[in-house]
Structures are given as C-alpha cells and as structure tokens.
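Residue numbers run from 1 in the order of the sequence given.
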Amino acid sequence: MKSIIILLALVCLVSCKDENKELELETTEISKKSEITPSNDVFSARDSLDWTGIYEGFLPCEDCEGIETSIEIEKNRDYTLSQEFKGRAGDNSLQETGKFKWDKQGNTISLGERQKLYFQVSQNYLLQVFKDESKVMGDSAIKYRLTKINEL
C-alpha cells in the first residue's frame, strides 16, 4: 500500500514538472513575440503621405496686400510656382518651374530660384516655414497654409 502511495506521489510530481516546463516554454515564446524590436523606420512626409498635387492659398506679404500662391508638385520633384502680389505696382507676378529639394528628414521641401521658399509637407496642405524649419505659431499660422485642391 505504501509503495502505491509513493508511486502515485512520484507520478504527480513528474507530471507537475512537465506542466511547469510547458508553461515556462509558452511564457518564453509569448515574451519573445511581444518584445518590441527597435525600428529604423522613421515617419517622413516624403514616404508616408500622398503629397503630389496642386496647393493654393493666400500668403502674407510685407509690402503688399497678400500673395495669391499656387504650387504644383510632382512625384519626380518637378514644381510649378505661380504667385501674384496683390496691391503691388510694377512686376506683381512670378511664374517659375524647377526641381524642389527635400530636407534630410523628408518633411520639408525647398523651392524657388529667385527667392527660396520652404514648406512643411502635411496631409492635404503645405505650411510655409522659415529656413530653419521654425514656423509661425498661434492664430497667424493659418495664414501660411496652402491647401491641396487637386491630386495628380
């Protein structure tokens, strides 16, 4: 009788060890799957957004009433810039084509031969920024926005 009890106790111990090993293996597998692997993927407007198209708006101007602006940007980096300086006498319009450049991070484009213009590329709009990529803040920020009106 004693040997049967010892035998049953031994069987229970062995079966419990096997269950612990299975549980340990499952836990290890789950933790390996849930580990966050570092990613080299960084968000950039160039790679993540549908940025090609025509953008229009009315930008502020120091020596005129405002600048009616239209920019068409294409996937091959071609651009067409049209600006009309409202209320300015003399040469009050600018038409220009060329190739724009992306910044290192792929979020801001620069264009313009006569005068460099910088725009942060966002979903369905361009935001004019300064050369150092700082932007106008507060209520005035909306004045520096060109809205996407057409996709190419």
Side-chain angles (χ1 to χ4, degrees), residues 13-152:
L13 277 174
V14 171
S15 66
C16 286
K17 273 191 172 180
D18 287 342
E19 281 182 27
N20 284 341
K21 282 184 181 177
E22 277 183 38
L23 184 59
E24 193 174 301
L25 283 174
E26 284 178 26
T27 306
T28 304
E29 286 177 19
I30 290 171
S31 66
K32 283 182 181 177
K33 286 180 184 176
S34 65
E35 280 180 6
I36 298 174
T37 56
S39 173
N40 291 338
D41 296 338
V42 177
F43 172 83
S44 77
R46 175 183 51 220
D47 299 328
S48 303
L49 300 177
D50 182 19
W51 48 264
T52 60
I54 299 171
Y55 298 81
E56 291 184 348
F58 201 74
L59 299 174
C61 177
E62 289 180 12
D63 62 349
C64 68
E65 296 168 16
I67 309 166
E68 192 173 320
T69 303
S70 175
I71 300 174
E72 179 179 335
I73 56 176
E74 299 179 27
K75 198 74 163 168
N76 64 1
R77 294 184 324 145
D78 285 343
Y79 76 87
T80 303
L81 170 65
S82 300
Q83 292 186 307
E84 187 175 340
F85 299 83
K86 300 293 185 179
R88 183 189 281 178
D91 186 18
N92 66 348
S93 65
L94 170 69
Q95 302 289 319
E96 189 175 278
T97 59
K99 294 267 188 200
F100 67 85
K101 294 179 184 172
W102 285 99
D103 69 345
K104 290 178 187 174
Q105 292 79 26
N107 294 317
T108 302
I109 60 172
S110 62
L111 52 94
E113 298 297 320
R114 231 168 64 176
Q115 178 186 2
K116 278 285 186 211
L117 299 173
Y118 300 89
F119 292 93
Q120 181 181 352
V121 179
S122 298
Q123 187 66 38
N124 296 319
Y125 69 92
L126 300 177
L127 182 65
Q128 188 175 21
V129 295
F130 301 107
K131 185 177 182 174
D132 66 355
E133 296 185 30
S134 62
K135 50 189 165 189
V136 174
M137 303 301 278
D139 295 338
S140 298
I142 194 83
K143 296 176 184 176
Y144 292 86
R145 185 182 225 178
L146 301 177
T147 304
K148 189 174 189 178
I149 62 158
N150 189 1
E151 296 194 19
L152 298 178

K.L.:
Under the 3.5 angstrom rule, does the side chain of Lys99 hit a backbone N or O of Asn76 as a donor-acceptor pair?
P.N.:
yes
K.L.:
Distance-only, no hydrogens or angles: does the Lys148 side chain make a donor-acceptor pair with backbone N or O of Thr52 under 3.5 Å?
P.N.:
yes
K.L.:
How long is the gap from OH on Tyr55 to OH on Tyr79, to the nearest 0.5 Å?
P.N.:
16.0 Å
K.L.:
Is any side-chain heavy atom of Leu59 less than 4.5 Å from a side-chain heavy atom of Gln128?
P.N.:
yes
K.L.:
List the atom of Leu49, the atom of Val121, and the distance in Å for their closest heavy-atom pair.
P.N.:
CD1-O, 4.0 Å
K.L.:
Is there side-chain contact between Lys131 and Lys116, with at least one heavy-atom pair below 4.5 Å?
P.N.:
no
K.L.:
What are the two closest heavy atoms between Thr147 and Tyr125, and how far apart are they?
P.N.:
CA-CB, 4.2 Å
K.L.:
Under a 3.5 Å threshold, yes or no: a donor from one side chain and an acceptor from the other, between Ser82 and Gln95?
P.N.:
yes
K.L.:
Can you give me the closest heavy-atom contact between Phe85 and Cys61, atom names plus distance?
P.N.:
CD2-SG, 4.4 Å
K.L.:
Mind listing the closest non-hydrogen atom pair of Arg46 and Asp103 along with its distance?
P.N.:
NH1-O, 3.9 Å
K.L.:
To the closest 0.5 Å, what do you measure between CD (Glu113) and CG (Leu81)?
P.N.:
10.5 Å
K.L.:
For Ala45, is there any backbone N or O sitting under 3.5 Å from a side-chain donor or acceptor partner on Asn107?
P.N.:
yes
K.L.:
Closest approach of Glu96 and Arg114, non-hydrogen atoms and distance?
P.N.:
OE1-N, 3.5 Å
K.L.:
Are Thr69 and Leu117 side-chain neighbours, meaning at least one heavy-atom pair lies under 4.5 Å?
P.N.:
no
K.L.:
Measuring from atom CH2 of Trp51 to atom CZ of Phe119, what distance do you get when rounded to the nearest 0.5 angstrom?
P.N.:
14.5 Å
K.L.:
Roughly how far, to the nearest 0.5 Å, is the NZ atom of Lys86 from the CD atom of Glu65?
P.N.:
9.0 Å
K.L.:
Assess whether atom CD of Gln115 is packed by more than 12 heavy atoms of other residues, nucleotides or ligands within 6.0 Å.
P.N.:
no
K.L.:
Between Glu74 and Phe100, which heavy-atom pair has the shortest distance, and what is it?
P.N.:
O-CE2, 3.7 Å
K.L.:
To the nearest 0.5 angstrom, please state how far the CG atom of Leu126 sits from the CD1 atom of Ile71.
P.N.:
6.0 Å
K.L.:
Measuring from atom OG of Ser70 to atom CD1 of Ile54, what distance do you get when rounded to the nearest 0.5 angstrom?
P.N.:
6.0 Å
